[in-house]
Enquirer: 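Let me begin by handing over the structure; questions about it come next.
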Amino acid sequence: MNKKLLAAAVASAGAVPGGVAADASFYGSLKPRIQVQDSDITFKDGASRIGWKSSTDMGNGNSVSGKVELGLDMSDGHINTGNTSRVTTVSFGGDWGSATVGSQWSVMTGPDWVTCVNSGSSCAGHVGYQGRVADSLVISGPAVGPLGLSIQMEADGSDLAAWAVATGLDLGSINIQAAYRDTDTNAATEVAASTTVAGMTLAAGFSSQDVGDDGNSLFANISGLKLQYDETGGDADLSANYDVDLGGATMRLGVIDNEGSETAVFVQWMYNL
């Protein structure tokens, strides 16, 4: 089934009486990985996914959009299950900002992704790391000059399970991201900054929490060679990634040295559907 037929099938299935069915576009990314660690060869997956998304103009400068993603494991061909496996959202947006509800990327990923970049790394230096978050509402206001602000609320069926706030400051040569999340039993703060000098990207991050160790992280992209360092409570991790353009696909070469385990090397292919 080609993309147009698949998108039409999804759009038809989503049509309801009294509703307007939007044209859905199909997308996906396949990321098979072969990894060698301690003489063992493993066929793994690097976060493959397929999805459908659409957007509808509501008039007066407002729009509504929806996204459904399914995570895939290419090692054995199964669809990932469980909470926050991928993203499923409905989002309203306009000049006033946006409001997104569903299973989505946490606002904590703002500072996370400044230094937590490499495939296969543990991102141990981000003690407040939260990837996708379920049962959530994220409201983002319009940028005021170089400053942005987002608020996240998480429900658990009884009360407000957690809340978070994130901000970003783009000063051109320097980008700063900060976020804070409170779960009642613990609170985490993350700050990260990056800059680009002579084509080389340098970044550093710091994270702390009320309960547990703090974390530090460093990242550098030097002529396409991505180097990442993470440390939490004396546990240090190193990783390196390098991408090779194959013309229609990308091959990623990687090394992962997580303290307490054998060094691993991998080759991963990335192909967008």
Side-chain angles (χ1 to χ4, degrees), residues 29 31 33 35 37 42 44-49 69 71 73 80 82-87 103-134 136 150 152 154 162 164 166-168 175-181 183 186-195 201-222 224-243 252-266 268 270:
S29 182
K31 301 180 179 182
R33 177 189 302 174
Q35 180 169 303
Q37 185 174 20
T42 306
K44 306 184 72 173
D45 183 82
S48 300
R49 82 293 303 263
E69 277 188 354
D73 189 328
N80 296 332
N83 293 344
T84 67
S85 172
R86 292 306 306 178
V87 172
S103 172
Q104 59 192 301
W105 287 106
S106 167
V107 299
M108 299 298 289
T109 58
D112 288 338
W113 290 345
V114 175
T115 58
C116 178
V117 176
N118 282 356
S119 295
S121 68
S122 67
C123 299
H126 298 265
V127 298
Y129 180 81
Q130 183 188 35
R132 290 176 293 273
V133 55
S136 62
S150 297
Q152 174 177 300
E154 305 165 43
T167 186
N175 182 275
I176 302 173
Q177 299 286 328
Y180 172 86
R181 180 169 178 260
T183 66
N186 198 6
T189 302
E190 293 193 52
V191 179
S194 64
T195 186
T201 299
L202 301 173
F206 172 76
S207 56
S208 65
Q209 56 185 340
D210 291 347
V211 181
D213 296 314
D214 296 340
N216 301 281
S217 55
L218 297 171
F219 174 78
N221 185 338
I222 306 171
L225 177 61
K226 300 175 183 178
L227 304 172
Q228 183 175 317
Y229 170 83
D230 295 283
E231 183 272 327
T232 303
D235 182 9
D237 300 322
L238 289 167
S239 65
N241 283 182
Y242 186 78
D243 292 350
R252 175 165 293 171
L253 307 175
V255 179
I256 312 165
D257 184 7
N258 293 335
E259 191 167 335
S261 61
E262 296 290 335
T263 299
V265 296
F266 70 84
Q268 176 176 300
M270 295 172 286

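Residue indices begin at 1 and follow the sequence shown.
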Enquirer: Quick check: closest heavy atoms across Gly71 and Arg86, and the distance to 0.1 Å?
Expert: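 It is N-CG, 3.0 Å.
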Enquirer: What closest approach, in Å, do Ala188 and Gly128 show between heavy atoms, and which atom pair accounts for it?
Expert: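 In this case the closest contact between Ala188 and Gly128 is CB-CA, 3.6 Å.
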Enquirer: Examine distances only and state if a side-chain atom of Gln37 and a backbone atom of Glu262 form a donor-acceptor pair shorter than 3.5 Å.
Expert: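 The answer is yes, because a donor-acceptor pair under 3.5 Å joins these two groups.
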Enquirer: Roughly how far, to the nearest 0.5 Å, is CG of Asp73 from NZ of Lys31?
Expert: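 CG of Asp73 is found 13.5 Å from NZ of Lys31.
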Enquirer: Quick one: CE on Met270 to CZ on Arg252, what's the gap to the nearest 0.5 Å?
Expert: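 Met270 CE to Arg252 CZ: 3.5 Å, rounded to 0.5 Å.
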Enquirer: Identify the heavy atoms of Ala187 and Tyr180 that sit nearest to each other, and give their distance.
Expert: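 Heavy atoms of Ala187 and Tyr180 come nearest at CB-OH, 3.4 Å.
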Enquirer: Hey, is the main chain of Cys123 close enough, under 3.5 Å, to the side chain of Asp237 for a donor-acceptor pair?
Expert: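 No.
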Enquirer: If we ignore hydrogens and angles and just use 3.5 Å, is the side chain of Ser207 paired with the main-chain N or O of Gly125 as donor and acceptor?
Expert: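 Flag set: sc Ser207 to bb Gly125 pair under 3.5 Å.
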Enquirer: Can you list the steps and then say if Gln104 with Ser136 is a side chain to side chain donor-acceptor pair (under 3.5 Å)?
Expert: CA-CA 7 Å; Gln104 59 192 301; Ser136 62; 3.0 Å; yes
Enquirer: Return yes if some donor-acceptor pair links the side-chain N/O of Asp45 with the main-chain N/O of Ser48 below 3.5 Å, else return no.
Expert: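 Present.
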Enquirer: So, taking the atom named CD in Glu69 and the one named OG in Ser29, what distance separates them when rounded to the nearest 0.5 Å?
Expert: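 The CD atom of Glu69 sits 10.0 Å away from the OG atom of Ser29.
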Enquirer: Ignoring hydrogens and geometry, is there a side-chain-to-backbone donor-acceptor pair from Arg49 to Ala47 under 3.5 Å?
Expert: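 Checked: pair present.
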Enquirer: Holding to side-chain contact (heavy atoms from CB on, under 4.5 Å), I want the full list of residues that pass it with Ala193, two or more places apart in sequence or in another chain.
Expert: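 Residues passing side-chain contact (heavy atoms from CB on, under 4.5 Å) with Ala193: Ile176.
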Enquirer: Donor-acceptor pair, Thr109 side chain versus Ser106 backbone, under 3.5 Å?
Expert: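 Pair found, side chain donor or acceptor close to backbone of Ser106.
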Enquirer: CD/Glu190 to CD/Gln209 distance, rounded to the nearest 0.5 angstrom?
Expert: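 Reported value, rounded in 0.5 Å steps: 9.5 Å.
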Enquirer: Work out which heavy atom in Gly46 is nearest to a heavy atom in Arg33; give both atom names and the distance.
Expert: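 Gly46 and Arg33 have their closest heavy atoms at CA-NH2, 3.8 Å.
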Enquirer: If only atom types and distance count, is the side chain of Asn241 paired as donor or acceptor with the main-chain N or O of Lys226 below 3.5 Å?
Expert: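 No; zero donor-acceptor contacts below 3.5 Å.
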Enquirer: What are the two closest heavy atoms between Asp213 and Thr232, and how far apart are they?
Expert: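 Reported closest heavy-atom pair: CB-CG2, 3.8 Å.
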Enquirer: Please find the pair of heavy atoms, one from Val114 and one from Phe219, that lie closest to each other, and give the distance.
Expert: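 What the structure gives for the nearest pair is O-CD2, 4.1 Å.
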Enquirer: Could you measure the distance from the CG atom of Leu225 to the CG atom of Asp243? Nearest 0.5 Å is fine.
Expert: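 Here the rounded value is 10.5 Å.
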Enquirer: State the CG-OG1 distance between Asp230 and Thr115, to the nearest 0.5 angstrom.
Expert: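 These two atoms lie 6.5 Å from each other.
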Enquirer: Would you find a donor on one side and an acceptor on the other, under 3.5 Å apart, between the side chain of Gln228 and the backbone of Val117?
Expert: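 Side chain of Gln228 to backbone of Val117, a donor-acceptor pair under 3.5 Å: yes, one is there.
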Enquirer: Got a donor-acceptor contact below 3.5 angstrom from the Glu231 side chain to the Gly233 backbone?
Expert: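 A pair under 3.5 Å: yes.
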Enquirer: Side chain of Gln35, backbone of Ala264: donor and acceptor closer than 3.5 Å?
Expert: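 Not at all, since once roles are kept as given, no pair shorter than 3.5 Å links the two residues.
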